[in-house]
Amino acid sequence: MSDEFEGAKTSRRSFLTGAAAAGAAMGAATSAQAAGDPLITEVQDWAAGLGDGVDASPYGLPIEFEKDVVRRNVEWLTADTISSINFTPIHALDGTITPQGCAFERHHSGAIELRKEDYRLMINGLVDTPLVFTYADLERFPRSQKTFFLECAANTGMEWAGAQLNGAQYTHGMIHNMEYIGVSLRTLLEEAGLGAAGDIRDKWVYVEGADASSNGRSIPLEKALDDCMIAFKANGEALRKEHGYPVRLVVPGWEGNMWVKWLRRIEVMDRPVESREETSKYTDTLENGTSRKWTWVMDAKSIVTSPSPQKPIAHGKGPLVVTGLAWSGRGAITAVDVSLDGGVSWQEARLAEPGKPMALSRFYLDIDWQGEEMFIQSRAMDETGYVQPTKAQLREVRGLNSIYHNNCIQTWHVNANGEANNVEVS
Ligand SMILES: Nc1nc2c(c(=O)[nH]1)N[C@H]1C(S)=C(S)[C@@H](COP(=O)(O)O)O[C@H]1N2
Ligand SMILES: [Mo]
């Protein structure tokens with residue numbers, strides 16, 4: 001009698017258990033050890049007494065076992081913590097909403113503490129009636145609620161010359177995605193009256209924050225009137241101080257630098273200011289030495305968050321959930337392809353839900369991994385038909401002088417042990 005035949009002679013009961021387990025998780029479930037497992041057969045400490053009372057932490061932190069899911073710095077990038085940046089642990093999150101507690105932060109002159117009572121927002125310049133709003137005033141305008149990603153234009157900026165940082169958190173973590181509550185900027189501009197502005201198509205707003213840097217930026221009036229928001233809540237609660245409490249500007253799909261925090265003034269103008277943040281910074285120098293400017297829109301981009309260098313395959317061979325994030329500043333994500341062989345062949349991943357305009361999309365690809373080496377990539381497509389470029393394609397157009405707006409396809413090399421590393425394929 002062959003071994004195979006011997007195996008098939010197992011009892012009907014264990015056959016059914018095995019089949020049920022396989023059906024539930026495509027063979028990923030453990031089925032055999034159940035009989036002797038003390039976690040099943042013995043009463044555990046947590047079931048033998050009382051747990052914590054309901055008021056142990058009036059405002060909660062994540063459970064201690066998740067204490068690694070935190071923002072991190074790159075030491076050589078963050079010389080000091082005042083004019084600084086940190087990174088969202090995207091490798092350890094799932095879904096699309098970024099909890100404020102671990103969303104990346106970028107400040108030019110530190111995060112300021114501004115009480116609602118001390119908050120003022122001025123609208124001046126080419127308006128019929130210059131106005132100043134208090135926080136309480138803002139709360140009386142009709143509200144809207146929308147989810148958007150904010151990506152710093154410098155996200156992935158260290159990867160232009162070659163594979164640098166070993167982790168999705170570091171290469172792609174200057175991004176967060178929150179559900180904002182606020183008042184549309186159009187509502188406030190119309191309250192001030194735009195008769196004085198005349199033709200809106202060649203007008204601008206200059207927006208600045210209450211912090212010492214002010215982070216002033218010029219935004220075309222058409223964009224300001226289209227979908228910008230004056231936000232005071234994110235993910236249901238007040239903005240954290242670091243994200244601009246009590247009020248920040250939301251500029252959907254456009255580079256994070258324009259999302260002014262601690263927003264204090266909006267001036268309607270007949271020209272852009274050409275401030276520091278839109279000339280010496282946040283412009284892209286090309287091979288011939290000239291620079292692109294007004295590169296506001298964040299092009300479609302995606303990243304596999306697991307497996308990735310900080311999130312190796314830990315469970316061995318068999319069913320593997322490949323997952324990641326995709327987004328586009330031009331609209332909704334319509335499809336994400338995943339390659340396991342460095343871009344030679346592609347298969348379409350599953351979007352967790354239909355893409356929302358200018359918000360993160362979560363994608364999944366369920367594969368059967370048998371320990372083979374992989375060069376994992378993802379490639380996003382948006383509703384305009386734009387397809388995320390390879391590193392080579394992007395370098396062809398933009399050269400190697402850029403820092404900002406690197407939206408190229410990323411590669412993780414996964415070895416037989418399930419470890420992943422940041423690599424480049426040509
Ligand atoms: N007032 C003010 N607004 C600001 C900044 C700043 O330093 N001051 N930094 C900008 C930059 S460069 C980015 S990427 C985003 C970061 O927003 P976050 O800190 O909420 O992640 O805020 C922008 N708005
Ligand atoms: Mo930024």
Side-chain angles (χ1 to χ4, degrees), residues 70-74 77-78 80-90 97-114 119-122 147-158 169 172-180 182 205-219 228-235 237-266 273 275-284 295-298 327 329 360 402-407:
V70 290
R71 285 180 285 268
R72 286 188 181 80
N73 297 328
V74 171
L77 259 180
T78 39
D80 67 273
T81 55
I82 299 299
S83 172
S84 207
I85 184 115
N86 54 29
F87 300 85
T88 308
I90 53 171
I97 294 293
T98 316
Q100 285 197 63
C102 66
F104 93 97
E105 304 160 351
R106 166 80 171 110
H107 325 302
H108 288 73
S109 51
I112 58 167
E113 198 166 277
L114 185 54
Y119 181 75
R120 298 290 183 273
L121 173 62
M122 178 184 290
T147 301
F148 296 114
F149 75 80
L150 178 166
E151 184 183 18
C152 177
N155 199 20
T156 321
M158 287 74 69
Q169 176 168 24
H172 289 75
M174 292 184 197
I175 191 160
H176 52 62
N177 191 66
M178 302 190 195
E179 182 195 77
Y180 294 99
V205 292
Y206 186 67
V207 288
E208 61 180 23
D211 53 330
S213 82
S214 90
N215 195 83
R217 286 294 304 248
S218 311
I219 301 175
C228 292
M229 273 171 85
I230 307 285
F232 37 78
K233 293 261 160 54
N235 302 342
E237 60 187 354
L239 292 164
R240 287 181 63 248
K241 163 181 141 185
E242 291 80 357
H243 299 302
Y245 181 93
V247 174
R248 95 172 301 161
L249 185 64
V250 168
V251 190
W254 290 23
E255 61 188 13
N257 185 259
M258 305 173 94
W259 296 47
V260 169
K261 304 192 275 192
W262 315 290
L263 181 67
R264 124 179 115 186
R265 197 171 69 92
I266 300 168
V273 167
S275 72
R276 170 189 183 271
E277 298 295 304
E278 53 203 21
T279 52
S280 90
K281 298 289 180 288
Y282 297 100
T283 47
D284 311 311
T295 47
W296 302 306
V297 182
M298 301 309 293
W327 61 95
L360 292 190
S402 287
I403 297 169
Y404 308 105
H405 298 281
N406 183 346
N407 69 318

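In listed order, ligands and their atoms are each counted from 1. The first residue of the sequence shown is numbered 1, and numbering continues consecutively from there. Just so it is clear, the values below take in all heavy atoms, side chains as well, and ignore hydrogens, waters and symmetry mates.
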Between the protein and ligand 1, which nitrogen or oxygen pairs come in under 3.5 Å, and how far apart is each?
from     : atom 1 : to     : atom 2 : distance (Å)
ligand 1 : 1 (N)  : Asp211 : OD1    : 2.7
ligand 1 : 1 (N)  : Asp211 : OD2    : 3.3
ligand 1 : 1 (N)  : Lys261 : O      : 3.0
ligand 1 : 3 (N)  : Lys261 : N      : 2.9
ligand 1 : 7 (O)  : His108 : N      : 2.7
ligand 1 : 7 (O)  : His108 : ND1    : 2.7
ligand 1 : 8 (N)  : Asp211 : OD2    : 2.8
ligand 1 : 9 (N)  : Arg106 : O      : 3.3
ligand 1 : 9 (N)  : His108 : ND1    : 3.4
ligand 1 : 17 (O) : Arg248 : NH2    : 3.0
ligand 1 : 19 (O) : Arg106 : N      : 3.0
ligand 1 : 19 (O) : Lys261 : NZ     : 2.5
ligand 1 : 20 (O) : His176 : NE2    : 3.4
ligand 1 : 20 (O) : His243 : ND1    : 2.6
ligand 1 : 20 (O) : Arg248 : NH1    : 2.7
ligand 1 : 21 (O) : Phe104 : O      : 2.7
ligand 1 : 21 (O) : His176 : NE2    : 2.8
ligand 1 : 22 (O) : Arg248 : NH2    : 3.3
ligand 1 : 24 (N) : Trp259 : O      : 3.1

| field | Taking every non-hydrogen atom, the tightest pair across His243 and Phe104 | value | CE1-O, 3.3 Å

| message | Which residues pass the side-chain contact (heavy atoms from CB on, under 4.5 Å) test with Val297, not counting sequence neighbours? | response | Trp254, Arg330

| request: Please report the shortest heavy-atom distance between Cys228 and Leu249, naming the atom on each side. | output: CB-CD1, 4.4 Å

| query | Does any N or O in the side chain of Glu242 come within less than 3.5 Å of the main-chain N or O of Glu105, such that one atom is a donor and the other an acceptor? | reply | no

| Looking only at heavy atoms, which two atoms of Thr98 and Met178 are closest? And how far apart? | O-CG, 4.0 Å

| query | Is a donor on one side and an acceptor on the other found under 3.5 Å between the side chain of Asn235 and the backbone of Glu179? | reply | yes

